Amino acid sequence: MDLPQYLVAVYLFLVSLAQCQHYYLLRPIPSDTLPLLELKEDPDPIYDPREKDLNETELRSALGDFDSRFLSVSPPQDRYTGNEDLDELDLQQQNPTGLMPKDIKNLDFDVQWGKKRKASKKLKRRLQMWLWSYSFCPVMYAWNDLGARFWPRFVRAGSCYSKRSCSVPEGMVCKPAKSTHITLLRWRCVQKRGALKCAWIPVQYPIITECKCSCAN
């Protein structure tokens, strides 16, 4: 297929998508609870842990599993550890990982133009890779400082790319699809019999691990 026919095939394919957008890139409904909203803290320093409460050996023992991929005691040298500064061109040039989604792999690229033309294997592959790359939703990782009342206080959290739509025609966006939980220690203070009692308690903190192209609503 020469270049003009190739462009015609792409144009007609995109027009067909506009007529049946619900068929393109159907995804599981992701969680709407991620990423987490910023926690509102009482600014009174009386609720902060003291120096004696920050013994790293004791805290590591209380925490148990310390996953250094997502946790850090000290400020990381590079806050951004993934692809947070990607622009649209960079994103499109990234190679998607894993298996090609079935809904892209099984799309019919044959077009009706005078008479039905069957797309070549090479053209089908190019269109599939273009669609896959365009709809690819990487997880954008960055280190967040949760403050002195968490230990470790630095967590590598994920978010989904949101600078543009991930579908053709536009309308779908990258949303969280999968997450995992890591354990942190939370400094918790309560009033008991007129006195302030504080202690480290374990809490579960969700981390986005996968993003997918999904309906905006």
Side-chain angles (χ1 to χ4, degrees), residues 27-87 90-91 94 97-98 136-164 166 173-214 216-217:
R27 298 297 188 193
I29 298 176
S31 169
D32 291 327
T33 61
L34 295 174
L36 295 177
L37 297 176
E38 184 177 354
L39 184 66
K40 300 296 183 180
E41 293 276 12
D42 190 320
D44 193 333
I46 193 174
Y47 298 108
D48 292 342
R50 296 160 295 181
E51 185 175 351
K52 69 175 185 178
D53 301 313
L54 296 171
N55 184 293
E56 184 172 338
T57 302
E58 294 179 358
L59 292 175
R60 281 182 177 269
S61 177
L63 181 66
D65 183 31
F66 188 102
D67 191 338
S68 58
R69 297 174 302 166
F70 296 103
L71 301 174
S72 179
V73 177
S74 56
Q77 293 184 351
D78 185 2
R79 182 189 171 213
Y80 297 109
T81 59
N83 37 18
E84 295 74 14
D85 295 325
L86 285 179
D87 58 24
D90 292 330
L91 187 68
Q94 279 205 323
T97 57
F136 179 50
C137 291
V139 179
M140 324 294 281
Y141 285 108
W143 287 99
N144 291 341
D145 184 356
L146 300 184
R149 295 172 191 173
F150 285 88
W151 195 93
R153 66 183 289 170
F154 298 96
V155 176
R156 184 172 176 253
S159 61
C160 298
Y161 187 82
S162 60
K163 293 183 179 179
R164 64 159 173 79
C166 56
V173 295
C174 293
K175 284 190 172 185
K178 291 183 180 179
S179 64
T180 187
H181 288 79
I182 57 174
T183 301
L184 301 174
L185 296 179
R186 171 80 162 112
W187 185 249
R188 180 171 177 266
C189 296
V190 295
Q191 290 282 350
K192 284 188 176 180
R193 298 177 181 177
L196 189 65
K197 303 291 184 181
C198 301
W200 290 104
I201 61 171
V203 294
Q204 294 292 300
Y205 190 91
I207 301 288
I208 296 172
T209 58
E210 183 179 332
C211 300
K212 286 191 176 182
C213 194
S214 306
N217 295 329

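Note that the coordinates shown come from a computational prediction; the quantities given were computed from them, not determined experimentally.
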### Task
Might you confirm whether atom CG of Leu196 has over 12 heavy atoms from other residues, nucleotides or ligands at distances under 6.0 Å?
yes
Rounded to the nearest 0.5 Å, what's the gap from [atom1] on [X] to [atom2] on [Y]? Could you check?
| X | Y | atom1 | atom2 | result |
| --- | --- | --- | --- | --- |
| Cys198 | Arg50 | SG | CZ | 7.5 Å |
| Cys160 | Ile208 | SG | CD1 | 5.0 Å |
| Phe66 | Leu184 | CZ | CG | 9.5 Å |
| Phe136 | Cys166 | CZ | SG | 11.5 Å |
| His181 | Gln204 | NE2 | CD | 6.5 Å |
| Phe150 | Tyr205 | CZ | OH | 8.0 Å |

### Taking every non-hydrogen atom, the tightest pair across Cys211 and Pro138
SG-O, 4.1 Å
### Task
Please report the shortest heavy-atom distance between Asp42 and Asp44, naming the atom on each side.
OD1-N, 2.9 Å
### Query
Listed by chain and number, what are the salt bridge (Lys or Arg N to Asp or Glu O under 4.0 Å) partners of Arg60, not counting sequence neighbours?
Glu56
### Message
side-chain contact (heavy atoms from CB on, under 4.5 Å) for Thr183 and Asp65? Distances and angles first, verdict last.
### Response
CA-CA 8 Å; Thr183 301; Asp65 183 31; over 6 Å; no
Side chains of residues 187-194: which donor-acceptor pairs under 3.5 Å do they make with residues two or more places apart or in other chains?
{"unit_1": "Trp187", "atom_1": "NE1", "unit_2": "Tyr47", "atom_2": "O", "d": "3.3"}

Do the side chains of [Y] and [X] get nearer than 4.5 Å, heavy atoms only?
| X | Y | result |
| --- | --- | --- |
| Leu63 | Pro152 | yes |
| Phe154 | Pro75 | yes |
| Leu71 | Arg156 | no |
| Lys212 | Cys137 | no |
| Ile207 | Val155 | yes |

### Message
Between Asn144 (side chain only) and Leu146 (backbone N and O only), is there a donor and an acceptor less than 3.5 Å apart?
### Response
no
### Query
Counting distance only, does the side-chain N/O of Trp200 pair as donor-acceptor with the main-chain N or O of Asp53 below 3.5 Å?
yes
### Worked check of side-chain contact (heavy atoms from CB on, under 4.5 Å) between Leu185 and Val203
CA-CA 6 Å; Leu185 296 179; Val203 294; over 6 Å; no
#### Entry: All pairs passing salt bridge (Lys or Arg N to Asp or Glu O under 4.0 Å) where residues 140-149 contributes a residue, at least two apart
Glu41-Arg149, Asp48-Arg149, Asp145-Arg153
